[in-house]
Asks: 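Here it is, the structure in full.
We're numbering straight along the sequence, starting at 1. All values reported here derive from a predicted model rather than from experimental measurement.
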Amino acid sequence: MDYPIENDTASTWDPHDLPDQSGRTLVVTGATAGIGYFAAEQLAAAGAHVVLAGRSPERLEIAATAIREQVPTASLGTVVVDLSSLASVRDAGAELAALDRLDGLLLNGGSMAMRARDRTVDGLPLLAGTHVVANAALVARTLPALLRTGARHDVRTRVVHTSSGFVDRLRRPVVDALPTSRSGVVAYTRAKAVTEVFAFELDRRLRSAGAPTESLVSRPGVGVDARTPHRPGIRDASVPARPNPYTPWAQGKDSASWSAVRALTDPGARGGELYAPANGRRGLPVRVRPGTLTASPAPQDVASVWRHLEDLVGVDLPVASGTSRT
């Protein structure tokens, strides 16, 4: 489906010539493969200090080596985080919060196991636990550092949440922070819908508080292995390619990362915005109009989801209430 495009400057946006990111520290979760890896590579090429976050120290080292082969001047760090464990998220969040500077957080990580019975270490449904609860927990732990960086350096810091075009297929309001389904695809779609509700509400609350941090949403379109450039240990003969029926209409995962990279780096981007390919599948990222289901839900539903997330995370999100709190 084609998205309703907002007044946008996509014609001037060049993913191969990003705004200079020198001096900025940007964290990318899920950075050891796919969209997360290529986002990290592109951000490093633009001059950012990029912190690669993933659950395997070995895979993190492989990703860092692959980036340095493409970007010899890359400035990189790593942090181990297992999104299926809230204890691991807590430790990683503390490590990231201790950085001297934190300008942006790209929440790209999350399990793609589609078995409804799978659970996290904490007993949560795996898809909702890793895509929703863990990311909310990471925001709770790192938001003070993002706010501090914004105030100290007089800059706008950003949290970018990765979603999916599947969200537009939902018709029911989002009222549960921990959605489940016997269908893995439906559970994944509902988890991404909660992701968007959280992201837009987070931005409303930050804006209401006059905070120097913004929250944005990106949708990658369709990225497939068959169209993805090879990188040693990331996309090569040693890494099995996943077949995808949408390959003829899709893009590589390098291009699928463009929406998130634009949301994180475009100086003209603003909190509460959504970036995606115009046709929903591939191409240059543009600013599109988010659906009312996630961007403008009933205030009582948002407040319920927010409170439930705080309960699941085990800590209050350090941001003043916005207009949606009841």
Side-chain angles (χ1 to χ4, degrees), residues 1-6 8-18 28 30-42 106-114 127 131 160-171 181 183-193 195-196 199 216-231 234-237 239-266 269 273-291 293-295:
M1 62 172 285
D2 290 352
Y3 287 124
I5 302 174
E6 301 278 12
D8 188 57
T9 57
S11 61
T12 65
W13 179 258
D14 184 352
H16 303 293
D17 185 19
L18 297 179
V28 180
T32 60
I35 291 171
Y37 167 82
F38 283 99
E41 181 185 291
Q42 292 164 27
L106 171 52
L107 298 170
N108 169 76
S111 174
M112 294 306 293
M114 293 293 172
L127 288 169
H131 287 274
V160 175
H161 311 253
T162 305
S163 185
S164 166
F166 284 150
V167 170
D168 288 337
R169 299 184 181 184
L170 294 180
R171 295 294 177 265
S181 172
S183 164
V185 173
V186 174
Y188 171 79
T189 302
R190 290 176 178 170
K192 288 305 186 183
T195 293
E196 292 194 9
L216 300 88
V217 176
S218 70
R219 294 179 180 179
V222 183
V224 297
D225 290 334
R227 293 185 178 273
T228 300
H230 282 218
R231 297 288 188 273
I234 303 296
R235 175 71 185 97
D236 61 17
V239 182
R242 294 183 179 182
N244 191 308
Y246 296 105
T247 295
W249 305 277
Q251 61 192 339
K253 294 185 179 179
D254 56 327
S255 302
S257 69
W258 289 349
S259 295
V261 170
R262 182 178 180 187
L264 201 59
T265 63
D266 186 348
E273 293 179 344
L274 168 63
Y275 288 87
N279 63 13
R281 299 183 301 278
R282 64 182 182 184
L284 288 175
V286 296
R287 186 169 65 250
V288 302
R289 188 176 309 122
L293 189 72
T294 58

Asks: Give me the atom names and distance for the closest heavy-atom approach of Ile234 to Thr32.
Replies: CD1-O, 3.4 Å

Asks: Minimum heavy-atom separation for Arg190 to Leu170, with atom names?
Replies: CA-CD1, 4.1 Å

Asks: Any idea which heavy atoms bring Gly223 and Ala256 closest together, and the distance?
Replies: CA-CB, 4.0 Å

Asks: So which atom in Leu284 and which in Trp13 form the shortest heavy-atom distance, rounded to 0.1 Å?
Replies: CD2-O, 4.1 Å

Asks: Can you find a heavy atom in the side chain of Tyr275 that is under 4.5 Å from one in the side chain of Leu216?
Replies: yes

Asks: Using the side chain to side chain contact (heavy atoms under 4.5 Å, CB included) definition, which of the options Pro285, Ser257, Ser218 pairs with Arg262?
Replies: Pro285

Asks: Between the side chains of Asp254 and Arg235, is the shortest nitrogen-to-carboxylate-oxygen separation below 4.0 Å, so that they form an ion pair?
Replies: no

Asks: I need the minimum non-hydrogen distance between Val217 and Ala199, along with the two atoms involved.
Replies: CG2-CB, 3.5 Å

Asks: Are any side-chain N or O atoms of Arg281 and backbone N or O atoms of Ala278, one a donor and one an acceptor, separated by less than 3.5 Å?
Replies: no

Asks: Nearest 0.5 Å, please: how far is OG1 in Thr189 from NE2 in His131?
Replies: 10.5 Å

Asks: Between CZ of Phe38 and OG1 of Thr228, what distance do you get to the nearest 0.5 Å?
Replies: 6.0 Å

Asks: With distance as the sole test, does Lys253 use its side chain to make a donor-acceptor pair with the main-chain N or O of Gly36 at under 3.5 Å?
Replies: no

Asks: Ignoring hydrogens and angles, tell me if any N or O in the side chain of Gln251 forms a donor-acceptor pair with the backbone of Gly283 under 3.5 Å.
Replies: yes

Asks: Looking at Arg282 and Ala250, would you say the former's side chain and the latter's main chain have a donor-acceptor pair under 3.5 Å?
Replies: yes

Asks: Rounded at 0.5 Å granularity, tell me how far CZ in Phe166 sits from NZ in Lys192.
Replies: 12.0 Å

Asks: Answer yes or no: is there a donor N or O on one side and an acceptor on the other, between the side chain of Ser259 and the main chain of Pro220, under 3.5 Å?
Replies: no

Asks: Between Thr294 (side chain) and Ala193 (backbone), is there a donor-acceptor pair under 3.5 Å?
Replies: no

Asks: As a quick check of understanding, evaluate side-chain contact (heavy atoms from CB on, under 4.5 Å) for Ile35 and Thr162, giving each step before the final call.
Replies: CA-CA 10 Å; Ile35 291 171; Thr162 305; 5.8 Å; no

Asks: Indicate yes or no: at least one non-hydrogen side-chain atom of Arg219 is less than 4.5 angstrom from one of Val167.
Replies: yes

Asks: Answer whether the closest heavy-atom distance between the side chains of Glu196 and His161 falls below 4.5 Å.
Replies: no

Asks: Looking only at non-hydrogen atoms, find the nearest pair between Ser111 and Leu127 and report the distance.
Replies: O-CD2, 3.3 Å

